[in-house]
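Report on one structure; see the data block that follows.
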Amino acid sequence: MSKPNFTGTYHMMEQDNMDSYLAALDINFALRKIVCLLSPTKEITHDPATGTMKIRTLTTFKNFNMDFTIGKEFTEDLGPVDGRTCQTTVTWDGANLVCVQRGEKDGRGWTHWLEGNKLLEMRVQGIVAKQVFKKAE
């Protein structure tokens, strides 16, 4: 089975449990409230042949860039998110992309998969937040 190509622009349609997720990351109350009001856009460039991927998360408040090669560990600067760095690895689990972020917080990472809409699931210390993104036409 071939792996899906995630390339495209995606707009957030809905989210669930984001405040609890951010609280588990020790994000202060005021910043959590701001983040929960944002409607991010994700611009993803994915080369299935080489496994390289660039994810740009764009908001009116802060932007976040993540460049990596699937299967290769890298140091991720999460400064724009929560001021931390971690050792990150993104791998395939079937047609799902699974990210593990090793650092100060246990069980941190996300899963991406395509179901017509793109669903992003983030987790940290047993807390799961979900964001659903729809691919732009």
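Atoms considered below: every heavy atom in the structure, side chains included; atoms not considered: hydrogens, waters and symmetry mates. What you see is a predicted model; the values in this text were computed from it and never measured. Counting begins at 1 with the first residue of the sequence.
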The reported gap from CE in Met122 to SG in Cys99 (rounded to nearest 0.5 angstrom) is 11.0 Å
Side chains of Glu14 and Gln131, donor plus acceptor under 3.5 Å: no
What is the distance from atom CZ of Phe133 to atom CE of Met12, rounded to the nearest 0.5 Å? 6.0 Å
Which residues satisfy the side-chain contact (heavy atoms from CB on, under 4.5 Å) test with Thr7, sequence neighbours excluded? Asn5, His46
Gap between atom CZ of Arg84 and atom CG of Asp26 - 0.5 Å precision: 5.0 Å
OG1 of Thr57 to CG of Asn63: how many Å apart, nearest 0.5 Å? 8.5 Å
Which ring pair (Phe, Tyr, Trp, His ring centres under 6.0 Å) pairs, counting each pair once, include a residue from residues 8-36, with sequence neighbours left out? none
Check the pair Glu73, Thr88 against side chain to side chain donor-acceptor pair (under 3.5 Å), reporting the backbone distance first and the verdict last. CA-CA 5 Å; Glu73 184 177 75; Thr88 300; over 6 Å; no
Interatomic distance, CG@Asp67 vs OG1@Thr52, rounded to 0.5 Å, equals 9.0 Å
Val90 vs Met53 side-chain heavy atoms within contact, under 4.5 Å: no
Does any part of the side chain of Pro4, heavy atoms only, come nearer than 4.5 Å to the side chain of Trp92, both counted from C-beta? yes
Working to the nearest 0.5 Å, report the span between CZ of Arg123 and CG of Asp106. 12.5 Å
